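This structure is a prediction, so every number in the text was calculated from the model and none was measured.
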Amino acid sequence: INRLTAGLAVVSAYLQTFTRHLRRLARRHSLSLRLFVLVAAICILEPLVYSFYLHRVSPPPHDLDAPFQVGCADPLAAATAYPREKAALVMLARNSELDNVIATAQNIDVQFNRWFNYPLVLLNDEPFTDDFVARVTASLPANRTIRFETIPSSHWGFPSHISPQTARGWMADLDRQGVFHGGEESYHHMCRFYSGTFFTLPALKDYRWYWRLEPGVQYTCAITYDPFAAMARHGKVYGFTTALWEVPETCPSLFREVDAFAHDYDIPQGVNWDALLDMESGLFGIGPPVLWKRWLAARRGDAHWTKGGDRWNLCHYWSNFEIADLNFFRGEQYQALFRYLDEKGGFYRERWGDAPAHSLAAHLLLPPEKLHHFADFGYLHEPFYQCPGNAPNGQLRHSKELGLWEEGNYSEEMEGSIGCRCLCKEERRRNLSGYCLEKLQAPAAARRMSWWDRQQNRFPYSIGMPGRKGEEI
């Protein structure tokens, strides 16, 4: 007891001495201390204001998007259930891609178009060869409408305000820097084409809707309803399957320019735009970037930062699949955005892609309820896929049109799955991270994923469809 008492007395003496020193320090440096406390408070409180007040993605009272169909519908009944839309399947292809064109055309015919018979429009910046036309035509049933269209020179190639010599110099620099597709002239032309001039093609003037196909893609589930009619009926404008990160080096200034367009044209940036902002690179990886970092990055014009100090999270929709309303992309706002971006030269000075251009435009110009995730589609574009699995008790196992269900021809039915006659590569419903999809769908989702699922990287498959064990990526 005596030793304990003596020990406590020593500790007490040290504490009293330490306290006296602190008081002296505080008196000598009261201004510095107050300044330190003020800065610390700003560093803590300002990110909270930024993320929970200025740019909070508040959940809506109910989900704003859901699958158009769960399981199989009777395709013959679905083909006549609603008015037919002015729509087409559209594929950009080269003569050298003949085998992949035929494979995709036959695949989409089996999975969808044998019942709905929408026209297939094939586009090329050069005339299709007679052999290409003959073999594609022979690969599909005789009653299919196939159009082989050459893109006018006014819609493909360098814009008039950029000389080919200047653009090729930029592309050579990108190639030396190792930018993905940076040195490929045709790829730059394709990105610019799909970003703007595609929508005003004379070949598409009679259509309101398009379904974009790519040579070599595969659909791994039956599509037994009309997605064009469903988009129109539900008031949707832009439909997608996959969301992922953009390659950062391809478009360092794109986000800043789209943001500048919004300010120049007085376009309000709502909750859908806020879903594009980086909210996870603050101190210790929590919250948005701190104030001083945002201020400095904005002043320097750092890649993917706006002049106002917002940073893009790089999430976008993969545009090799799209079902969308051409009237939106033909509209004055989108065309003004395209002209604005085209004048900046970023389709050649950098390697701006049509996928981020479409995604940023959709999140700037459309409210959340106008976007639709085709979660019920099985879609494979190497190396990524989504495949929803087969809905229990929804496979119409004795359907004449779909054929009798035979074990082994399709994936097993699984609780929580929504697809029709899917043949998936594996049990997990996709082989890429769901991070970007969860971020981009947040404005339309009434419920947020749990903290635990986020720590496990178990992202939802879509709105209202939690991630499963084994789907962590």
Side-chain angles (χ1 to χ4, degrees), residues 38-58 195 243 245-317 332-347 349-353 355-368 371 435-436 439-444:
L38 178 63
V39 171
I42 290 174
C43 288
I44 294 170
L45 294 177
E46 194 278 336
L48 296 176
V49 173
Y50 181 89
S51 55
F52 288 102
Y53 178 70
L54 296 177
H55 298 290
R56 184 174 182 232
V57 180
S58 301
S195 293
W245 291 282
E246 179 58 302
V247 179
E249 296 78 18
T250 62
C251 56
S253 69
L254 177 60
F255 192 62
R256 181 168 60 254
E257 297 298 354
V258 175
D259 177 77
F261 166 82
H263 285 89
D264 288 354
Y265 283 74
D266 295 321
I267 297 173
Q269 295 169 316
V271 67
N272 238 13
W273 183 260
D274 290 338
L276 298 167
L277 303 184
D278 171 21
M279 293 292 181
E280 297 183 11
S281 60
L283 292 173
F284 311 111
I286 300 172
V290 293
L291 178 61
W292 65 265
K293 183 177 180 181
R294 297 205 309 272
W295 182 87
L296 192 59
R299 296 301 173 275
R300 291 186 310 214
D302 286 0
H304 314 302
W305 289 83
T306 69
K307 293 178 181 177
D310 300 325
R311 185 180 185 224
W312 182 24
N313 57 22
L314 293 176
C315 290
H316 72 296
Y317 305 114
E332 180 51 37
Q333 275 195 325
Y334 182 83
Q335 285 297 309
L337 172 59
F338 170 67
R339 291 191 297 269
Y340 186 94
L341 296 178
D342 204 26
E343 284 293 325
K344 300 297 179 181
F347 293 108
R349 190 190 301 272
E350 297 176 10
R351 210 279 290 144
W352 292 353
H358 291 184
S359 302
L360 297 183
H363 275 254
L364 173 65
L365 303 175
L366 294 173
L371 307 182
Y435 174 91
C436 277
K439 289 294 178 189
L440 297 180
Q441 286 192 299

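- Rounding to the nearest 0.5 Å places OH of Y50 at 15.5 Å from CZ of R56.
- For the atom pair SG (C251) and CG (L341), the distance works out to 11.0 Å, reported to the nearest 0.5 Å.
- Counting all heavy atoms, side chain and backbone alike, S195 lies closest to F338 at O-CD1, 3.6 Å.
- The list of salt bridge (Lys or Arg N to Asp or Glu O under 4.0 Å) pairs with a residue in residues 286-296, not counting sequence neighbours, reads E46-R294.
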Open item on the list: Under the criterion side chain to side chain contact (heavy atoms under 4.5 Å, CB included), I'd like the reasoning laid out for D302 against L296: C-alpha separation, chi angles, the key distance, then a yes or no.
Closed with: CA-CA 9 Å; D302 286 0; L296 192 59; over 6 Å; no
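- Q441 has its side chain out of reach of L371: every pair of non-hydrogen atoms, C-beta onward, lies at least 4.5 Å apart.
- Scored by the ring pair (Phe, Tyr, Trp, His ring centres under 6.0 Å) test, W245 finds Y435 as partners (sequence neighbours excluded).
- In summary, the side chains of E350 and S253 do present a donor paired with an acceptor at a separation below 3.5 Å, with no hydrogens or angles considered.
- Using modelled atom types and a 3.5 Å distance limit, the side chains of N313 and E280 yield no donor-acceptor pair.
- By the ring pair (Phe, Tyr, Trp, His ring centres under 6.0 Å) test, H363 pairs with Y317, sequence neighbours left out.
- Nearest approach of K439 to A275, heavy atoms of both residues: O-CB, 3.5 Å.
- Applying the ring pair (Phe, Tyr, Trp, His ring centres under 6.0 Å) criterion to H358, with sequence neighbours excluded, gives F199, F329.
- Atom CG in L365 sits 10.5 Å away from atom CD in Q269 (nearest 0.5 Å).
- Here CG of L337 is found 7.0 Å from CG of L364. Values are rounded to the nearest 0.5 Å.
- Of all the heavy atoms in S58 and V271, the pair that sits closest is N-CG2, 4.2 Å.
- Ring-plane geometry between F255 and W273 is classed as parallel, the angle between the planes falling under 30 degrees on a 0 to 90 degree scale with a further cut at 60.
- How far CH2 of W352 is from CG of L254: 5.5 Å, rounded to the nearest 0.5 Å.
- For the pair A355 and S359, the tightest heavy-atom approach, listed with the atom from each and the gap, is O-OG, 2.8 Å.
- Shown here for T306 and A298, the closest heavy-atom pair between the two residues is O-CB, 3.5 Å.
- With rounding to the nearest 0.5 angstrom, the CG atom of L276 is 10.0 Å from the SG atom of C436.
- Under the 6.0 Å cut-off for aromatic ring centres, F261 and Y265 qualify, their centroids lying closer than that.
- Listed by chain and residue number, R192 satisfy the salt bridge (Lys or Arg N to Asp or Glu O under 4.0 Å) test with D342 (two or more places apart in sequence, or in another chain).
- Not counting sequence neighbours, W305 has no partner by the ring pair (Phe, Tyr, Trp, His ring centres under 6.0 Å) test.
- H55 has its side chain within reach of M279: a pair of non-hydrogen atoms, C-beta onward, lies under 4.5 Å apart.
- For the pair H304 (side chain) and P248 (backbone), a donor-acceptor distance under 3.5 Å is present.
- Considering every non-hydrogen atom in both P367 and N272, the closest pair reads C-ND2, 3.7 Å.
- Within the 4.5 Å cutoff, side-chain heavy atoms of D264 are placed close to those of Y340.
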